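Quick caveat, the model's predicted, so the values are computed rather than measured. Residue numbers begin at 1 in each chain, while the letters A, B, ... track the order of the sequences.
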Number of protein chains: 2
Amino acid sequence: MPKATPVHRQITLADIASGCGVSRATVSLVLRGSPLVNKNTRARVEAELKRQGYVYNRAAANLRRRTSSSIALVINELGNPYFAEFAAGVDEALGKAGFVTLLGSTGESAVREQAVLGSLMEHGPGGIILSPAEGSDARQVLTTVGPHVPLLLFNRELDDEVTEINHWDVLALDNVHGARLATQHLIELGHRRIAFFGGHRDSSSCRQRREGYQQAMRDAGLPIEPRWLIESSPTRLEAARQAGALFAVDPAPTAAVCYNDAVALGLMLGLNQRGRHPGHDFAVTGFDDIAEAEVSVPPLTTLATKPRERGRQAAELIIQRLHHPNTKATRTIAPVQLVVRESSCPPIVTP
Amino acid sequence: MPKATPVHRQITLADIASGCGVSRATVSLVLRGSPLVNKNTRARVEAELKRQGYVYNRAAANLRRRTSSSIALVINELGNPYFAEFAAGVDEALGKAGFVTLLGSTGESAVREQAVLGSLMEHGPGGIILSPAEGSDARQVLTTVGPHVPLLLFNRELDDEVTEINHWDVLALDNVHGARLATQHLIELGHRRIAFFGGHRDSSSCRQRREGYQQAMRDAGLPIEPRWLIESSPTRLEAARQAGALFAVDPAPTAAVCYNDAVALGLMLGLNQRGRHPGHDFAVTGFDDIAEAEVSVPPLTTLATKPRERGRQAAELIIQRLHHPNTKATRTIAPVQLVVRESSCPPIVTP
DNA sequence: GAGAGTATTTGGATCGTTCCAAAGAGAGGC
DNA sequence: GCCTCTCTTTGGAACGATCCAAATACTCTC
């Protein structure tokens, strides 16, 4: 593990202290803006700090004070624009509150997630914002982060019991309601045979979105054909490949509620390749409202989840938790909004 | 500045030591895998470490050893998929080498960049990877990071002299060559009136890309009309708005080399709004090859820069620098590849 | 069983900060 | 001039690790 590297001689409190004839303690008080120090002394010390180009050593301070000034952000896939936006929001809000973000990307692997969490823990984060990788296990997470570091789960959920016991907070999207809105929208347009396309059955968000879809279908008295529930990895490519599965059933559906935007965009691509025209002879909805949804052809009807705002919210929640470590865990459900664009067309009426 | 937060009592070396009847020093040796310790002792200590759930305190170790195990990554805009990919690559490679990434996003503001750098410095990073915000000033950067922390500039350059003196490394794209390739490609297709569209004249990457464009034009003996050099913010929206500027000159250009993909996609949108059809009656090229370029309509001819790979490369460069602090600064130019897709069509021949 | 040599282990100082209890400096009252 | 009170300042012990020189424990050899 060649992770070490020598650092140049630092300018310390002691240098400043001797530089202007006061004690280390006084300089320390000045640095922390204590009202105890005399005006003149403060001015003298401040001048010396600037003169020597002093840089505060937060690690040393944190060691002594047994505090932390960092929050770990563990993301399952930074390359995904949705999570990138989320990360940007987190970093923005954490920075504003004086925390620094320790980044860790897991590449959607539970094994790597464990390694990343372990490595981040050694840097003593005050809290962790975790968007779990697929297949991530609550008990394993618990053993590596321990019971004392506050943790906020974003987007996906883990074993309820473990989450509960450790007062882990949860920030989730209103998946059920969102999928329901999308489905109702398609029903109102006149669709009767509607598929749910994409996602993995074992991810919590997929289950919830399917649930919303099924609720809407049931409420409208519409049948749900099991073969209309089509799984696919949440990537554009995989979704494009799976598009054909929609037409394996006869009669085929006329619309699909997709697991997310990536899947929806992929599906539209796949439809085009099969000579279908999403937005004209097949209706598609997404979930997330990534930047691309607005400018795709046709523009995608989807559910806006405002990832950057969610990131800020996550940061605020974890900071709240730091200040009140013992209050009951919260479960925050962020609202989502239906954004109607051209990919959701009415069905073609066959005479 | 309420950036502090209490942390639970830690399990320390001393706990492990007394837990199995050895000294702190021995436990420390075990932790670092020293060959000095006896096999049996090692086993005993390791069992105790596991039993008590010990977590290494890297901050304390770094303090004593005067080393660092983190690298700061300062990005001008994380929400931009290009930089998100870059960040993902950086984090991946840093993690593999045992470093943790300290993230900072500047939102393209030089003022915020200063604040972010200052805050990150307090956490004692071993090095900094900086993608400067627009308008960032070398001398200011120098005063806040100091002359001893290795810095790698990505993507944009700063004052050459300051960069040189401080042995700052540079990782840049081959902008000149890339723009030249794109321009040559259009010329080979038969275009004679070619514009350079988008970007700000004062950014180094824009200047370099314009330079490549001009070289290719000159080499082909083609005229460069000053009004064909059109500025715009590098955003899709702004580019779409500026599209009209191309047709303010008569005769109008038949093709445009764009500053980057965002601009190119925006331009195509703007052309469509004006009843033009990019890929049919107007040729467009981009720069970056973001994910969207491949699936836009029409698919965008562009220059692949492989941001994730660049991220890994940046991480490797800074790690190299940590190991050899005194070698001469390097200036790495990453190659770019022309990816021909349908947005670059031959000109329409007017009889 | 003394002496030499190697293999392990160890106490105490140290990194740069903060905490704490106590000391010093003035001001005012009598 | 002494006492009290408030306002400032301060030395030295932490925090949790590592370094270092020196101590101790073993093995041989003769």
Legend entry - Residues B:Thr12 and B:Asn57: side-chain donor-acceptor under 3.5 angstrom: no
Inset, instruction - Compare side-chain N and O positions of A:Arg32 against OP1 and OP2 of C:dC19 and report whether any pair is under 4.0 Å apart. - result: yes
Inset, instruction - Give the rounded distance in Å between these two atoms: CZ of B:Arg58 and C1' of C:dC15. - result: 17 Å
Legend entry - Donor + acceptor pair across side chains of A:Asn155, A:Ser131 (<3.5 Å): no
Legend entry - Relative orientation of the end axes in the helix from C:dG1-D:dC30 to C:dC30-D:dG1, expressed as an angle to the nearest 10° (five pairs per end): 60°
Inset, instruction - Give A:Thr12 one of three labels, base, sugar-phosphate or nothing, depending on what nucleic acid heavy atoms sit under 4.0 Å from its own. - result: sugar-phosphate
Legend entry - Base of C:dT17 paired with side chain of A:Arg64 (donor-acceptor, under 3.5 Å): no
Inset, instruction - Verify whether one side chain among B:Ser105 and A:Asp91 offers a donor that lies under 3.5 Å from an acceptor in the other. - result: no
Inset, instruction - Evaluate the ring planes of A:Phe154 and A:Phe83, with Trp represented by its six-membered ring, and classify them as parallel (under 30°), tilted (30 to 60°) or perpendicular (over 60°). - result: perpendicular
Legend entry - Length of the CG-P vector between A:Leu29 and C:dT18, whole Å: 9 Å
Legend entry - Polar side chain donor-acceptor pair, B:Thr26 to B:Ser23, under 3.5 angstrom: yes
Inset, instruction - Taking only the side-chain nitrogens and oxygens of B:Arg65, find out if one of them lies under 4.0 Å from OP1 or OP2 of D:dC19. - result: yes
Inset, instruction - Report the nucleotide, chosen from D:dG16, D:dG12, D:dT18, that has the shortest atom-to-atom distance to any side-chain atom of A:Arg24. - result: D:dG12
Inset, instruction - Respond yes when some side-chain nitrogen or oxygen of B:Arg66 is under 4.0 Å from OP1 or OP2 of C:dG16, and no when none is. - result: yes
Inset, instruction - Respond yes when some side-chain nitrogen or oxygen of B:Ser23 is under 4.0 Å from OP1 or OP2 of C:dT10, and no when none is. - result: yes
Legend entry - Euclidean distance, atom OH of residue A:Tyr56 to atom C1' of C:dG16 [Å, nearest integer]: 10 Å
Legend entry - Nucleic acid contacts - residues 33-44 of chain B versus DNA chain D, non-hydrogen atoms under 4.0 Å: none
Legend entry - Gap between atoms CG and C1', on B:Asp15 and D:dG16 respectively (whole Å): 10 Å
Inset, instruction - Nearest whole angstrom, please: distance from the P of D:dT9 to the CG of A:Leu13. - result: 15 Å
Inset, instruction - Quickly work out the A:Leu63 CG to C:dC19 P distance and round it to whole Å. - result: 12 Å
Inset, instruction - Starting at atom CG of A:Leu49, determine the distance to atom P of C:dT17, rounded to an integer number of angstrom. - result: 10 Å
Inset, instruction - Give one of base, sugar-phosphate or nothing for B:Ala61, where a contact means two heavy atoms less than 4.0 Å apart. - result: sugar-phosphate
Legend entry - Modelled atom types, side-chain donor and acceptor of B:Ser28 and B:Arg24, under 3.5 Å: no
Legend entry - SB check A:Arg308 B:Glu77 (cutoff 4.0 Å): yes
Legend entry - Lys/Arg-Asp/Glu bridge criterion (N-O < 4.0 Å) met for A:Lys39, A:Glu46: no
Legend entry - Test: A:Arg42 and A:Glu48 ion pair at under 4.0 Å: no
Legend entry - Integer-rounded Å distance: D:dT18 P and A:Glu122 CD: 11 Å
Inset, instruction - Could you please name the option among D:dT10, C:dG16, C:dT18 that lies closest to any side-chain atom of A:Gln10? - result: C:dG16
Legend entry - Carboxylate-amine/guanidinium proximity below 4.0 Å for B:Arg331 and B:Asp169: no
Inset, instruction - Report yes if at least one side-chain N or O of B:Thr26 is closer than 4.0 Å to OP1 or OP2 of C:dT9; otherwise report no. - result: no
Inset, instruction - Between C:dT10, D:dA17, C:dT17, spot the one nearest the side chain of B:Asn57, thanks. - result: D:dA17
